[in-house]
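Have a look at the structure below, then the notes.
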Amino acid sequence: RHSVCLSSDDFFLVDTAKFDSKQQACSTLANCSGWWRFSRIGYSEDGTEAIVHTDYDHPKYGLMGMGYFHLLALMDGDWSILARDMTWIS
């Protein structure tokens, strides 16, 4: 069982269209460790399970990334990862 707890302070949005490339955008940001993308979250009818797809890539190093589907469950008031399945890697 894995618990997930993130605050909005851990993330910020970057308009990559303002840069010539994602590599350039990442190189201008202090401590840039890559890009995370999150799909919309799909919930079960009773709201106790959810599925989300995440993608990560590190533009400073070119082809280096991965994507996963995550199956989550609400247990004792906390969201936990039940399973994850890799969808791609480079």
Side-chain angles (χ1 to χ4, degrees):
R1 181 175 150 167
H2 304 279
S3 294
V4 179
C5 181
L6 301 170
S7 76
S8 60
D9 294 337
D10 296 326
F11 295 95
F12 59 95
L13 298 176
V14 175
D15 183 359
T16 56
K18 293 181 180 180
F19 299 90
D20 291 333
S21 67
K22 288 182 181 177
Q23 290 87 348
Q24 181 191 39
C26 194
S27 67
T28 63
L29 302 169
N31 302 317
C32 178
S33 62
W35 306 108
W36 283 96
R37 290 177 301 280
F38 297 85
S39 70
R40 291 183 176 176
I41 301 170
Y43 293 95
S44 62
E45 281 190 36
D46 64 3
T48 61
E49 292 185 329
I51 191 163
V52 64
H53 190 270
T54 61
D55 291 301
Y56 170 79
D57 64 275
H58 199 306
K60 282 187 179 179
Y61 303 113
L63 294 175
M64 183 180 144
M66 63 204 75
Y68 288 93
F69 274 112
H70 303 270
L71 178 62
L72 308 167
L74 187 59
M75 298 179 183
D76 302 321
D78 293 320
W79 285 100
S80 297
I81 299 171
L82 289 182
R84 72 178 184 169
D85 188 32
M86 184 180 282
T87 57
W88 67 274
I89 190 167
S90 67

(request) Could you check whether the rings of Phe38 and Trp36 sit parallel, tilted or perpendicular, using 30° and 60° as the cut-offs? (result) parallel
Which pair of non-hydrogen atoms, one from [X] and one from [Y], has the smallest distance, and what is that distance?
X: Phe19; Y: Thr28; answer: CE2-OG1, 3.5 Å
X: Trp35; Y: Ala25; answer: CZ2-CB, 3.9 Å
X: Tyr56; Y: Trp88; answer: O-CH2, 3.7 Å
X: Gly34; Y: Cys26; answer: N-SG, 4.2 Å
X: Val52; Y: Ser39; answer: CG2-OG, 3.5 Å

Transitive ILVMFWY side-chain link [X] to [Y], under 4.5 Å:
X: Tyr68; Y: Ile51; answer: no
X: Phe69; Y: Ile41; answer: no
X: Leu71; Y: Met75; answer: yes

(message) As an exercise, state the distance from NE2 of His70 to CG of Leu82, rounded to the nearest 0.5 Å.
(response) 12.5 Å
(request) Hey, could you give me the CZ/NE2 distance between Arg40 and His53, rounded to the nearest 0.5 Å? (result) 16.0 Å
